[in-house]
Amino acid sequence: MGNFKPRGPRPPNSNNRPPSGGAPHPAGPRPASVTPRPAGSRPPYRGGNQARSSNPMSNRSAAGTLKTHEGLVSEQTFAGPGGEHVRVIVLGGLEEVGRNCTLIEYKNDIIIIDLGLQFPDEDMPGVDYIIPNMAYLKGKEKNVRGVVITHGHYDHIGAIPHIIPAIGNPIVYALPIAAGIINKRQTDYPGSKIVVKNITVQSELQLGIFKVHFFHINHNIPDSAGIVVETPAGTICHTGDWKFDYHPVGAPPADLHKIAQVGMNGVMLLMGDSTNAGQPGQQTSESVIGEELRTILEKAKGRVIVGTFASLLSRVKQLMEISESLGRKIALEGYSMKTNVEIARELGFININPKSIIPIEKVGDYAPNKVTIICTGAQGEQRAAMSRIANDEHRFIHVERDDTIIFSSSVIPGNENTVQRLKDVLYRKRARVIHKDMMDIHAGGHAKKEDVKLMLSLFKPKYYMPIEGNHFLLRENAEVAYSMGWKEEDVFVADNGQIIEFWKDAATGLGVGAMTPEKIPSDYVFVDGLGVGDISQVVLRDRQALAEDGMIVVITQVEKQTGRLVGEPDIVTRGFIHTKENKELIVEAGLAIRKALMDIDPASMADPNGIKDKVREELGKFIFVKTQRRPMILPVVIEV
């Protein structure tokens with residue numbers, strides 16, 4: 001049992017049922033497991049005391065001790081499900097958009113669905129992205145039978161280079177487009193050896209005890225699939241990102257027949273995408289967007305510059321094919337755009353005459369009305385292609401009055417201001433700017449309310465679990481299920497790391513499920529440059545302090561024997577005040593430092609640490625009284 005610690009029976013309640021819904025666990029003591037957290041409780045998220053982990057295989061002590069990614073991983077291990085229980089744990093994607101990762105476990109068999117990244121919040125300066133915490137797999141690496149990927153978006157595959165080597169290098173199973181993107185990205189991580197196996201929607205996998213097969217679904221990237229996992233406790237279905245599109249581009253409609261067939265055979269749990277589930281109606285078809293784009297391209301007087309996601313290959317395919325049919329040359333800009341199009345062409349998803357594609361530096365060789373430029377940066381990213389074009393920082397493209405600029409993507413929550421500033425710059429250049437609020441030039445890739453109703457009707461699951469979204473999105477998704485007749489206790493609205501268990505009832509032989517109050521570590525794992533796990537909450541707080549109030553460096557010279565101040569303190573500020581315009585404040589600050597150091601006992605030797613603390617404390621008080629700000633104060637003591 002290693003470090004497993006048995007836990008006593010569940011505390012009784014009025015109906016022997018977990019407070020958050022689901023069936024009661026069988027009577028008697030529970031198997032060895034993790035320390036529970038009160039049902040419905042969530043770790044502090046913003047500015048709280050949540051210890052954000054620094055390593056995909058790490059956990060923290062209550063004091064937040066950092067365990068680095070260089071082998072010093074958590075010594076704590078976690079027991080698997082007891083008896084004949086199947087355990088489902090979502091490690092990311094239940095409290096945010098991104099970081100999608102689901103773990104399914106039965107005895108000594110584990111499979112993982114998706115390993116995605118999440119982009120950082122504004123209060124995480126310097127962090128590139130966030131990946132799931134895999135502390136639960138410490139000591140269980142040999143039990144991981146495989147990682148199954150739903151589709152090739154980074155919020156579902158972005159953590160693979162970092163996590164797969166840390167969990168024993170299990171095989172990654174992915175459809176061709178996703179496999180191509182994963183393999184291409186691996187060239188950036190030569191030290192990370194990943195085995196990727198191509199599959200199709202007709203594939204059937206036997207991963208330990210689990211039988212895994214797939215159903216075709218529509219999304220805005222080709223080769224998207226839902227996953228069916230047959231377990232000893234019943235069938236679990238995971239939709240991935242999805243929508244129903246009856247007129248898709250470059251792919252068949254969703255396989256409603258397979259979905260209905262799985263539903264007729266019985267589904268214990270359906271895990272469903274929540275991103276747009278609260279929006280009324282049905283999702284717009286990609287073919288409708290193609291018609292609008294064709295109209296725009298036909299009427300455009302000059303160049304057409306389209307900003308969209310590099311992973312939105314269905315849209316890129318339409319733009320390229322329409323442009324070619326109208327005699328326009330196509331230039332691609334942005335590394336990820338070029339890479340993804342290359343993969344799609346190799347796999348036959350995009351069929352374009354190579355002569356129709358020109359290098360970006362050749363754009364000026366053609367008449368403006370014969371050129372379409374497809375680029376990244378529709379979210380206003382600072383160094384992405386669209387921003388460089390708008391700000392006249394691009395070597396070959398400068399916005400002209402006859403240009404038509406199309407934002408053919410949704411705005412990721414949190415990017416609204418950045419995107420609006422980008423649009424303002426383009427409007428100032430008098431270009432024609434078109435976005436989704438003006439015309440149907442973007443269709444989401446996620447199911448809306450009526451789509452979710454149809455999915456529920458076809459699968460007819462005993463339990464429904466909203467996934468992939470912030471908590472309010474999960475709740476909106478749950479409301480759809482309630483409206484269809486599902487009881488509240490049969491809809492599991494969980495938090496990251498919360499354990500859901502399923503088993504066969506001994507008396508009836510029927511599958512039963514419950515959302516337990518137990519949680520495993522699901523803290524953030526930060527990736528910053530080449531470092532995975534070397535950014536802790538303390539480092540983030542320092543970065544936030546520097547960004548908000550700046551810093552003051554105080555350099556003092558003191559006599560080594562007495563600690564007496566020698567000369568005047570030297571004060572340097574960055575991001576706090578403009579020194580030349582606030583000379584009086586700097587002089588007063590120097591006097592405050594001198595006064596603080598006059599109290600030091602001249603009979604004792606200098607104590608550099610004590611002097612630093614004294615300067616930090618007294619100067620901090622003085623600055624706050626004068627400015628109501630709290631800059632970071634860095635004292636430097638030189639003994640002479």
Ignoring hydrogens and geometry, is there a side-chain-to-backbone donor-acceptor pair from [X] to [Y] under 3.5 Å?
X: Q279; Y: N276; value: no
X: N220; Y: L312; value: no
X: N143; Y: D109; value: no
X: S325; Y: I322; value: yes
X: E324; Y: N353; value: yes
X: E141; Y: G139; value: yes
X: S323; Y: T372; value: no
X: H219; Y: G445; value: yes
X: K193; Y: P190; value: yes
X: E96; Y: G93; value: yes

Which atom of [X] lies closest to which atom of [Y], heavy atoms considered:
X: P232; Y: I209; answer: CG-CG1, 3.7 Å
X: I149; Y: H151; answer: CG2-O, 3.2 Å
X: R87; Y: Y136; answer: NH1-OH, 2.8 Å
X: L313; Y: P222; answer: CB-CD, 3.7 Å
X: V419; Y: G380; answer: CG2-N, 4.3 Å
X: D241; Y: D273; answer: CA-OD2, 3.7 Å

Salt-bridge criterion met for [X] and [Y] (N-O under 4.0 Å):
X: K243; Y: D451; value: no
X: R345; Y: E342; value: no
X: E105; Y: K140; value: yes
X: K317; Y: E321; value: yes
X: E476; Y: K449; value: no

request  = Would you verify whether the NZ or CZ of R185 falls within 45 degrees of the ring axis of Y154 while also being under 6.0 Å from that six-membered ring's centre?
outcome  = yes

Spacing of [X] atom [atom1] and [Y] atom [atom2] [to the nearest 0.5 Å]:
X: S224; Y: N218; atom1: OG; atom2: CG; value: 8.0 Å
X: I181; Y: N183; atom1: CD1; atom2: CG; value: 10.5 Å
X: S409; Y: H435; atom1: OG; atom2: NE2; value: 11.5 Å
X: I360; Y: I389; atom1: CD1; atom2: CD1; value: 6.5 Å

Is there a side-chain contact between [X] and [Y], using heavy atoms and a 4.5 Å cut-off?
X: V147; Y: I171; result: no
X: H85; Y: F502; result: no
X: L103; Y: V88; result: no
X: L94; Y: I467; result: yes
X: I406; Y: I305; result: no
X: L332; Y: I373; result: no
X: L91; Y: I520; result: yes
X: V97; Y: N470; result: yes

query = In terms of ring plane angle, is the pair F244 and Y246 parallel, tilted or perpendicular, where the classes change at 30° and 60°?
reply = parallel

message = Would you say NZ of K197 has more than 12 non-hydrogen atoms from neighbouring residues, nucleotides or ligands within 6.0 angstrom?
response = no

request  = For atom CE of M484, decide whether the heavy atoms of other residues, nucleotides or ligands shown that lie under 6.0 angstrom number more than 12.
outcome  = yes

Decide whether [X] and [Y] meet the rule of one side-chain donor and one side-chain acceptor closer than 3.5 Å.
X: S356; Y: R328; answer: no
X: Y464; Y: N477; answer: yes
X: N133; Y: S522; answer: no
X: T308; Y: R315; answer: no

ask   = Taking the six-membered ring for Trp, are the ring centroids of H238 and F215 within less than 6.0 Å of each other?
value = no

task = Could you please spell out the steps behind the side-chain contact (heavy atoms from CB on, under 4.5 Å) verdict for I112 and M134?
result = CA-CA 11 Å; I112 297 170; M134 309 307 284; 3.9 Å; yes

message = For a side-chain contact (heavy atoms from CB on, under 4.5 Å) check, start with the C-alpha distance between C237 and F459, then their side-chain angles and the critical distance, and finish with the verdict.
response = CA-CA 9 Å; C237 297; F459 270 127; 3.7 Å; yes

message = If you apply the rule side-chain contact (heavy atoms from CB on, under 4.5 Å), what do you find for M271 with F492, and how did you get there?
response = CA-CA 9 Å; M271 307 177 75; F492 300 148; over 6 Å; no

key: Residue pair V212, V228: steps toward the side-chain contact (heavy atoms from CB on, under 4.5 Å) verdict   = CA-CA 6 Å; V212 180; V228 181; over 6 Å; no

task = Before giving the answer on ring-ring contact (aromatic ring centres under 6.0 Å, His included), spell out for Y189 and H162 the whole-Å C-alpha distance, their side-chain angles and the decisive distance to 0.1 Å.
result = CA-CA 9 Å; Y189 300 89; H162 306 292; 5.2 Å; yes

Distance-only donor-acceptor pairs under 3.5 Å for side chains of residues 249-260, two or more places apart:
| unit_1 | atom_1 | unit_2 | atom_2 | d |
| --- | --- | --- | --- | --- |
| D255 | OD1 | H257 | N | 3.4 |
| D255 | OD1 | K258 | N | 3.0 |
| K258 | NZ | H213 | ND1 | 3.4 |
| K258 | NZ | F214 | O | 2.5 |

remark   = side-chain hydrogen bond (donor to acceptor under 3.5 Å, both in side chains) with D114: of H153, R99, H156, only one passes, and it is H156

